[in-house]
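Beneath this line is the structure, given in structure tokens, with notes to follow.
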Amino acid sequence: MENLKEEVRVRFAPSPTGFVHIGSLRTALFNYLFARHHNGKNVLRIEDTDQTRKVEGAVDNLINNLGLLGIEFDEGPVQGGNYGPYYQSDRLDIYKKYCDELLEKGAAYYAFDTPEELDEMRKLQQLEGRQTMYDRRARDLNKDEIKKNLESGMPFVIRLKVPLDEEIKFDDLIKGTIKIETNIIDDQILLKSDGFPTYHMANVVDDHLMKVTHIIRGEEWVTSVPKHILIYRALGWDVPKMAHVPLILNKDKSKLSKRQGDVAVEDYLRKGYLKEALINFIALLGWNPGEGEEQEFFTMDELIKRFTLEKVQSSGAVFNIDKLNWMNNTYIKNYDLDILTEISIPYFENTGIDISDISKVKKILSAIRVYLNKLDEIPEQLKIFTQDEVRPENDKLNEFLTADTSRKVFHALVNKFESAGGISIDSYKSAISKFNLKPVLKESFYLSL
RNA sequence: GGUCCCAUCGACUAGGGGUUAGGUCGCCACUCUUUCACAGUGAAAACACGGGUUCGAAUCCCGUUGGGACCGCCA
């Protein structure tokens, strides 16, 4: 259909508002897998057009965490590229230019409404039980009025002039054909009064200029696609292929949120989930190789080889921590012990184990790794090595262990071990199993009479 | 409320006109182990509902119901 020789270019376009959300991680992963699968380019673009939400250090944090997990970019703020700059805040002139073009073509218009006026409008709409959307009141401002307002320095925004009574249709690679009536599409703000573009404007302009061929992003964007299509059309540009990935959900099936558990990638890393396990698990959340394949463990390379958009699920997936734990435990059990030891060291700090003795740490780790769902469980598994005294975990057990009969059995055992010249790892098991309890119990029984 | 999307065991999913509807996590039982855990074996567990189409629908179509997302000078 399309030019097959065209290089595949995808982008991950987060806004730098803090930590990396698990949902973002999956979007980033799918973009990466898709790009690598097709020998294309993976572009990182920072969508920092909201001045009020900017968080210091967020970009570094994002790149670091993604990099840690093996997700890399071919173009972006760090490595540059031919289609930069990759910060939207550095591209203001570009957006301005295309906004002017839209204005000129009659596809956009000036609006001078104040936020308060808009608030009022929405409140009224809500009261009347109607859908809240801009009532297009500034559409037909006459030229003189606009000129006058502009000259008097009145704050303004530029809005998209959505054509009425039309149906916008597009084919989503995951969801299929989606249709929306233009009458319910908002005259979206394209350029804010602070001179920054909104997401809708910036993402269309950038995707076109950066030659993005496939837009792979979260499902929450589906409803704004028609607006974007209108902009592409007005500017005479081709619309990239779209793939809207279903959401990752809480246990109650709502959009994965902080309220119901950890959502930041760094939280999981900190708790000692291995990067391979995290990637493997996240990839399987919404994607599977299909064709009756029952393999569940995949390396990044295998994922790259197998990943296709066709096999991405069209419904949302609940984030199931139990399965992540199981998968992480499996990775821990099978991990290269030397490397595992190295990454486990931090979790041995302040536990009473001498971490300068690597071979000892390694030995202990090899003994306890089967019990670990995640590395931060190391300290509790270490107790057996560091406690001088083992305490029964509950009263019942305590009662049993301190009973006279039990005491006698233990004494007899100790005597036996002593007379055998001590115990060793190899001999204790057989010594215990050969130990004859009967005489001890008998004696104890008669004594109690 | 409006619009859009979605619907197979509790969860992730395979299958996609004729299958005993398969696998994984979890749950349960048994075995191993003088606790727990690990390991092994086994079991319970699903096509939301109603209409079509068809010789035959979990599978295709329509509707209902349920769930979700979006409706900002946020992305």
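A note on names: the letters A, B, ... follow the listed sequences, proteins ahead of strands, and every chain is numbered from 1. Quantities reported herein were computed from a predicted structural model and do not represent experimental measurements.
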Nearest-Å distance once atom [atom1] is located in both [N] and [M]:
N: B:C71; M: B:G26; atom1: P; value: 38 Å
N: B:G63; M: B:G42; atom1: C1'; value: 43 Å
N: B:C9; M: B:G22; atom1: P; value: 14 Å
N: B:U31; M: B:C36; atom1: P; value: 12 Å
N: B:C27; M: B:A69; atom1: C1'; value: 32 Å

Residue closer to the 5' end of RNA chain B, A:Phe156 versus A:Lys251 (nearest nucleotide): A:Lys251

Closest-nucleotide 5' rank along RNA chain B - winner of A:Ile180 and A:Val318: A:Ile180

Measure from [atom1] on [X] to [atom2] on [N] and round the result to the nearest Å.
X: A:Glu116; N: B:G72; atom1: CD; atom2: P; answer: 16 Å
X: A:Asn280; N: B:U13; atom1: CG; atom2: P; answer: 14 Å
X: A:Ile185; N: B:G2; atom1: CD1; atom2: P; answer: 18 Å
X: A:Asn325; N: B:A11; atom1: CG; atom2: P; answer: 18 Å
X: A:Trp326; N: B:C27; atom1: CH2; atom2: C1'; answer: 16 Å
X: A:Asp322; N: B:A11; atom1: CG; atom2: P; answer: 13 Å
X: A:Gln313; N: B:U8; atom1: CD; atom2: C1'; answer: 10 Å
X: A:Asp113; N: B:G72; atom1: CG; atom2: C1'; answer: 14 Å

[X] with [Y]: basic N within carboxylate O range, under 4.0 Å:
X: A:Glu219; Y: A:Lys175; answer: yes
X: A:Asp93; Y: A:Lys97; answer: no
X: A:Glu75; Y: A:Arg9; answer: yes
X: A:Arg233; Y: A:Glu166; answer: yes
X: A:Asp206; Y: A:Arg91; answer: yes
X: A:Arg45; Y: A:Asp207; answer: yes

[options]: which one has an atom nearest the side-chain heavy atoms of [X]?
X: A:Ile178; options: B:C71, B:C5, B:U13; result: B:C5
X: A:Lys323; options: B:A7, B:U13, B:C12; result: B:C12
X: A:Lys175; options: B:A37, B:C6, B:U3; result: B:C6
X: A:Tyr371; options: B:C12, B:C74, B:C38; result: B:C38
X: A:Val370; options: B:G72, B:C38, B:C73; result: B:C38
X: A:Asn320; options: B:C74, B:A11, B:C73; result: B:A11
X: A:Thr132; options: B:G1, B:G72, B:A39; result: B:G72

[N] phosphate, OP1 or OP2: any side-chain N/O from [X] under 4.0 angstrom?
X: A:Arg122; N: B:C73; result: yes
X: A:Thr49; N: B:C74; result: no
X: A:Thr198; N: B:C74; result: no
X: A:Gln188; N: B:G72; result: no
X: A:Lys333; N: B:A39; result: yes
X: A:Lys179; N: B:C5; result: no
X: A:Lys192; N: B:C74; result: yes

Measure up the [X] and [Y] rings against each other and bin them: parallel (under 30°), tilted (30 to 60°), perpendicular (over 60°).
X: A:Phe319; Y: A:Phe281; result: perpendicular
X: A:Phe34; Y: A:Phe307; result: perpendicular
X: A:Phe170; Y: A:His244; result: perpendicular

Ring centroid separation A:Trp326 to A:Phe297 under 6.0 Å: yes

Touch class at under 4.0 angstrom, heavy-atom based, for A:Asp172 against every strand present: nothing

Sugar-phosphate, base or nothing in reach of A:Gln126, heavy atoms under 4.0 Å: nothing

Salt bridge (Lys or Arg N to Asp or Glu O under 4.0 Å), paired with A:Asp187, selected from A:Arg136, A:Arg137, A:Lys227, A:Lys161: A:Arg136

Give each protein N/O atom lying under 3.5 Å from an N/O atom of nucleotides 60-69 of chain B, with the pair distance.
from, atom 1, to, atom 2, distance (Å)
B:A69, OP1, A:Lys255, N, 3.1

A:Ile304 backbone acceptor or donor facing A:His37 side chain under 3.5 Å: yes

Interface with RNA chain B, restricted to residues 17-33 of chain A and to heavy atoms under 4.0 Å: none

For RNA chain B, the residues among residues 286-297 of chain A that have a non-hydrogen atom under 4.0 Å from it: A:Gly286, A:Asn288, A:Gly290, A:Glu291, A:Gly292, A:Glu294, A:Glu296

Donor-acceptor pair between A:Asp301 and A:Thr299 side chains, under 3.5 angstrom: no

